[in-house]
Amino acid sequence: MCIYRQSRLITSLLLAITLCLIITSVGSANSSEKKPGSDGQKIVKSYRVTENGLVELTLDQVAKLYKDGDIVEKNKNNIKSNMYNIQNNIKGIVTPQAPAFCGTVCIWDVYKQSHSYLTPRPTKRERVTPPVSPGGKVSFSVNESYTWEVNLTFNSNLKKALDIALGGSWSQSSQYQQTINVEAPYNKYAWYDFTPIMRNSYGITEHWENSYYTSWKDKVQSTEFTDIYMVNKVGGFQDGILQYVESDTPPNY
């Protein structure tokens, strides 16, 4: 009996050690996942799209763009968590009225903007040229397209609400086009990344109804936090940060 119990104990310990090793291996694989700017990659130069073409930015200027975006993002999350407490404090919105000739059940949306700002979108950062091998020099034509995003299910009521609050041009698209010469050092790979700078509008969308169920009165039936990203054109092209990257190894993205 003692030998049987001891054998079971040893088996359990071996199983636990095996599982531990598997989990450790998976965790190491995830933590070593390569991302832009890692594994010997270095951002050598950065440029901002302007009305007069590309203008070189210092490292401090690039860092400030991202830092300012992070600050506003935190403020946005605070507003989102307190949405129901602040919705009546958003100013400048005309009192909503039911659409004309909508029938016996009138349903419409009203978007109330809280803030609007320009911000880089790191999640949209892309490599826009192929990597050039060490010592190589190649010219590439870049043509990237961008469009709007909204966190809610998009329908005709929401579109009308956003058109009224933001103007019809909020839903336009844009492109970034550029001919780029990539020259890699003799011992490095080289390429260009582009991070779009977009306009972020956020606030609340109220879903209104006027029907038998609301005693024929205009009433808010529900409210949703609304987060919208729109393109920002500069000189006819998408605003953004173009960055020249050098690396010991080819990119993995």
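Computation of the quantities below employed the complete heavy-atom set of this structure, encompassing side-chain atoms and omitting hydrogens, waters and symmetry-equivalent molecules.
- Between Tyr176 and Phe237, the ring planes are perpendicular. Angles over 60° get that label, and only those under 30° would be called parallel.
- Counting heavy atoms from C-beta outward, Gln175 and Tyr146 have side chains that stay 4.5 Å or more apart.
- In this structure, the side chains of Arg199 and Ser116 come closer than 4.5 Å at one or more pairs of heavy atoms.
- Among the candidates Val234, Val231, Thr50, the single residue satisfying the side-chain contact (heavy atoms from CB on, under 4.5 Å) test with Asp239 is Val234.
- Salt-bridge formation is detected for the pair Asp227/Lys76: a Lys NZ or Arg NE/NH1/NH2 atom is positioned less than 4.0 Å from an Asp or Glu carboxylate oxygen.
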Arg127 and Asp193: CA distance, side-chain angles, deciding distance, salt bridge (Lys or Arg N to Asp or Glu O under 4.0 Å) verdict: CA-CA 4 Å; Arg127 177 169 54 82; Asp193 288 349; 5.6 Å; no
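- When side chains are defined from C-beta on, Thr205 does not count as touching Lys112, because their heavy atoms never get closer than 4.5 Å.
- Taking 4.0 Å as the cut-off between side-chain N and carboxylate O, Glu246 and Lys45 do not count as a salt-bridged pair.
- For Glu126, there are no salt bridge (Lys or Arg N to Asp or Glu O under 4.0 Å) partners, not counting sequence neighbours.
- In the hydrophobic cluster analysis, where Ile, Leu, Val, Met, Phe, Trp and Tyr join through side-chain heavy atoms closer than 4.5 angstrom, Val142 is grouped together with Val182.
- Between Thr104 and Tyr212, every side-chain heavy-atom pair lies at or beyond the 4.5 Å cut-off.
- Taking the side chain as every heavy atom from C-beta outward, Tyr117 and Tyr202 approach each other to under 4.5 Å.
- Of all heavy-atom pairs spanning Ala184 and Ser133, the tightest one is CB-O, 3.4 Å.
- No hydrogens or angles considered: nothing links the side chains of Asn200 and Thr119 as a donor-acceptor pair under 3.5 Å.
- A distance of 6.0 Å or more separates the ring centres of Trp170 and Tyr111.
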Set out, in order, the CA-CA distance, both residues' side-chain angles and the distance that settles salt bridge (Lys or Arg N to Asp or Glu O under 4.0 Å) for Glu149 and Lys124, then state yes or no.
CA-CA 12 Å; Glu149 294 178 11; Lys124 295 294 182 182; 2.7 Å; yes
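- For Arg121 and Thr195, the side-chain atoms include no donor-acceptor pair closer than 3.5 Å.
- Using cut-offs of 30° and 60° on the angle between ring planes, the pair Tyr253 and Trp191 is perpendicular.
- The pair Glu206-Lys219 fails the salt-bridge criterion, with no side-chain N (NZ, NE, NH1 or NH2) lying under 4.0 Å from an Asp/Glu carboxylate O.
- Looking at every heavy atom in both residues, Ser201 comes nearest to Gln113 through OG-OE1, 2.6 Å.
- Using a 4.5 Å cut-off on side-chain heavy atoms (C-beta onward), Lys42 and Lys188 make no contact.
- When every heavy atom of Glu56 is checked against every heavy atom of Gln61, the shortest pair comes out as O-OE1, 4.2 Å.
- Nearest heavy-atom pair across Asn151 and Phe225 is ND2-O, 3.2 Å.
- Partners of Asp70 according to the salt bridge (Lys or Arg N to Asp or Glu O under 4.0 Å) rule, which considers only residues two or more places apart in sequence or in another chain, do not exist here.
- Remark: side-chain polar atoms of Thr226 are paired, donor with acceptor, to backbone N or O of Glu224 under 3.5 angstrom.
- A salt bridge does not link Asp60 to Lys64: none of the charged nitrogens lies less than 4.0 Å from a carboxylate oxygen.
- Relative orientation of the Trp208 and Trp108 rings is parallel, given thresholds of 30° and 60° on the angle between their planes.
- Between Thr214 and Glu209, the side chains place no donor N or O within less than 3.5 Å of an acceptor N or O (distance only, hydrogens not considered).
- Shortest non-hydrogen contact noted between Pro120 and Tyr66 is CB-CE2, 3.8 Å.
- Residues Leu118 and Asn232 form a side-chain contact, since some pair of their non-hydrogen atoms from C-beta on lies under 4.5 Å apart.
- In this structure, Pro185 and Tyr244 approach most closely via the heavy-atom pair CD-OH, 3.8 Å.
- The main-chain N or O of Thr179 is never found under 3.5 Å from a side-chain atom of Ser141 such that the two would form a donor-acceptor pair.
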